[in-house]
Protein chains: 2
Amino acid sequence: MRYHRSDVVARAISVLDEYGLESLTMRRLATELGVQPSALYHHVPNKQTLLAAVADEILLRGKRPRRAERWDRRVVEICSELRDAMLAYRDGAEVVVTAHTFGLGAGEPAGQLRAALRDGGLSEDVVDVGTRALLHLVFGHTVEEQMALQAASAGAINHAPGGPADFERGLDLVLDGLRARVNG
Amino acid sequence: MRYHRSDVVARAISVLDEYGLESLTMRRLATELGVQPSALYHHVPNKQTLLAAVADEILLRGKRPRRAERWDRRVVEICSELRDAMLAYRDGAEVVVTAHTFGLGAGEPAGQLRAALRDGGLSEDVVDVGTRALLHLVFGHTVEEQMALQAASAGAINHAPGGPADFERGLDLVLDGLRARVNG
DNA sequence: ACCTGAACACCGTTCAAGT
DNA sequence: ACCTGAACACCGTTCAAGT
């Protein structure tokens, strides 16, 4: 069988979702595709790049239309989409956050947040600080939430971070600060 | 030579600081101590536990006396100490954040933040949301900042997150939201 | 262009045996 | 109690050779 890069990425996502990140090895993925490990390197230069492509694809699959008019509602929309996209696959948050940490792909959410904050009339400095704060909040919350979900499904009872409600309450904390800085 | 657990942890930190997290392997650490890899398992049950102990020790070494009276100034103090402690060692932020993600050690900063927010007269719900938001902000910011520092020292020019000023501006965003909720 | 086969240079961890 | 020596079951990546 002959594969393309997109086949490799797609299969990587299904291995990730079914067996988790620790099982997503180049060798395991090759076996899953019925191919030698070395064959993967015709489609992808290395594992890091593959994981970045997986992160991008996870975000792409989670895309939704923008509905909100007000800038602060749009921020909530963007952040919720981001959270939902990451939660849709096992270890999705971990993969997306790691890729973002290493400066690979996943630059789109940041761009959309920046645009929303600029629409709100915030100064360029505040746009910078606010975008970073929002991203860190979404990433941190979602990694923690997914961790708790997986721990819970493995039998452990834990003081979970709570679902979308707790998420939006954290967001609102930062949004309050940002609203106070409009035309500041 | 006969070692104790604390020797192993201390040496792990110096390997981390000098060669980075990717070089901190059990085998490398063993070589550094002049011992067989298997000998390490007399002091530590596995690598994950060792890394959690390293994270705790990094935070311990960064401890400073509390000076601030007002609860919101104390939050800044706690968060700044946390950031400085992680920045003090190469890949320190990565190690501390990973340990925290897996629910290992590093529970102290959360406890101190909770106490400060309670002193501010915030409701228990807001204390929960606020503590998590602050931790995610500090962790996210510091990992990003340390990444940029290391990239810069490796020659790359990058739109860095900025030093303590940008850090405190992000913190202030959340603190504004929290101040607005006192007796709310 | 895409893949195989074989190798290189590593990992974390276990366990019988020594002192 | 602490360590050695040897092994087990893996990794990511490279590269000559095949079709």
Side-chain angles (χ1 to χ4, degrees), chain A residues 1-57 90-91 94-96 98-99 101-105 154, chain B residues 1-57 90-91 94-96 98-99 101-105 154:
Chain A
M1 239 146 261
R2 246 90 197 277
Y3 293 113
H4 292 84
R5 185 186 152 106
S6 57
D7 302 315
V8 174
V9 173
R11 188 62 85 118
I13 292 184
S14 71
V15 172
L16 177 73
D17 196 42
E18 203 164 348
Y19 306 102
L21 180 56
E22 75 176 13
S23 294
L24 178 50
T25 67
M26 296 300 268
R27 287 167 180 274
R28 173 68 179 266
L29 179 57
T31 302
E32 210 81 14
L33 288 164
V35 109
Q36 293 291 321
S38 50
L40 298 177
Y41 292 85
H42 279 271
H43 303 102
V44 125
N46 52 48
K47 188 180 182 180
Q48 195 182 180
T49 304
L50 172 65
L51 287 176
V54 165
D56 281 341
E57 177 66 17
R90 170 139 59 142
D91 291 330
E94 194 74 47
V95 171
V96 170
T98 302
T101 298
F102 287 86
L104 303 168
Chain B
M1 242 148 258
R2 245 85 196 281
Y3 293 112
H4 292 84
R5 184 187 153 106
S6 57
D7 301 314
V8 174
V9 172
R11 188 62 85 119
I13 292 183
S14 71
V15 172
L16 176 73
D17 196 42
E18 202 165 349
Y19 305 102
L21 180 56
E22 74 177 14
S23 294
L24 179 50
T25 67
M26 297 299 270
R27 286 165 181 274
R28 173 69 179 266
L29 179 57
T31 302
E32 210 81 13
L33 288 164
V35 107
Q36 293 291 320
S38 50
L40 297 177
Y41 292 85
H42 278 271
H43 304 102
V44 123
N46 51 47
K47 189 180 181 180
Q48 195 182 183
T49 304
L50 171 64
L51 286 177
V54 164
D56 280 342
E57 177 65 19
R90 161 125 81 131
D91 291 330
E94 195 73 46
V95 171
V96 170
T98 301
T101 297
F102 287 85
L104 303 167

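A note on names: the letters A, B, ... follow the listed sequences, proteins ahead of strands, and every chain is numbered from 1. These numbers come from a predicted model, not from an experiment.
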| query | For atom C1', what is the distance between D:dC8 and C:dC10, given to the nearest Å? | reply |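 To the nearest whole Å, 15 Å.
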
| task | Mind jotting down which residue pairs meet the salt bridge (Lys or Arg N to Asp or Glu O under 4.0 Å) criterion with at least one end in residues 22-37 of chain B? Sequence neighbours excluded, please. | result |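 Only B:Arg28-B:Glu32 qualify under salt bridge (Lys or Arg N to Asp or Glu O under 4.0 Å).
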
| request: Can you run down the salt bridge (Lys or Arg N to Asp or Glu O under 4.0 Å) pairs that involve residues 37-52 of chain B, sequence neighbours left out, and say none if there aren't any? | output: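 Every pair satisfying salt bridge (Lys or Arg N to Asp or Glu O under 4.0 Å) with a residue in residues 37-52 of chain B: there are none.
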
| Close side-chain approach of A:Leu40 and A:Leu33, heavy atoms under 4.5 Å | yes

| request: Would you check if A:Thr98 and A:Leu51 make a side-chain contact, meaning some heavy-atom pair closer than 4.5 Å? | output: no

Value in whole Å for how far the [atom2] atom of [N] lies from [atom1] of [X]:
X	N	atom1	atom2	answer
A:Leu33	C:dC3	CG	C1'	13 Å
B:Arg28	C:dC11	CZ	P	9 Å
A:Tyr41	D:dG12	OH	P	6 Å
A:His42	C:dG5	NE2	C1'	13 Å
B:Leu40	C:dT13	CG	C1'	11 Å
A:Leu50	D:dG12	CG	C1'	12 Å
B:Gln36	C:dC15	CD	C1'	14 Å

| remark: Heavy-atom nearest pair, B:Ala12 first then B:Val54, reads CB-CG2, 3.7 Å

| query | If you look at every heavy atom in B:Gly20 and B:Asp91, which pair is closest and at what distance? | reply | CA-OD2, 3.4 Å

| remark: Expected list for residues 16-26 of chain B near DNA chain C, using heavy atoms below 4.0 Å, is B:Thr25, B:Met26

| task | Please list residues of residues 2-14 of chain B whose heavy atoms come under 4.0 Å from any atom in DNA chain C, ordered by number; otherwise none. | result | none

Would you indicate which nucleotide in [options] comes nearest to any side-chain atom of [X]?
X	options	value
A:Val35	D:dA6, C:dC3, D:dT13	C:dC3
A:Arg27	C:dC8, D:dG5, C:dT13	C:dC8
B:His43	C:dC3, D:dC15, D:dC2	D:dC2

| request: Calculate, to the nearest 0.5 Å, the distance between atoms CG and CD belonging to A:Leu16 and A:Glu94 respectively. | output: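 So the gap between those two atoms works out to 10.5 Å.
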
| Once Watson-Crick and G-U wobble pairs under 3.5 Å are found, how is DNA chain C written in dot-bracket notation, 5' to 3', with | for any base paired to another strand? | ||.|||||...|||||.||

| field | Donor-acceptor pair, side chain of A:Asp17 and main chain of A:Ser14, under 3.5 angstrom | value | no

| Quick check: does any side chain N or O of B:His43 sit under 3.5 Å from a backbone N or O of B:Tyr3, one acting as donor and the other as acceptor? |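 Confirmed, B:His43 side chain pairs with B:Tyr3 backbone.
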
| note | The side-chain contact (heavy atoms from CB on, under 4.5 Å) partners of A:Val44 (sequence neighbours excluded) come to A:Arg5, A:Met26, A:Leu50

| task | Give the intermediate values and the outcome of side-chain hydrogen bond (donor to acceptor under 3.5 Å, both in side chains) for residues A:Thr49 and A:Asn46. | result | CA-CA 6 Å; A:Thr49 304; A:Asn46 52 48; 2.8 Å; yes

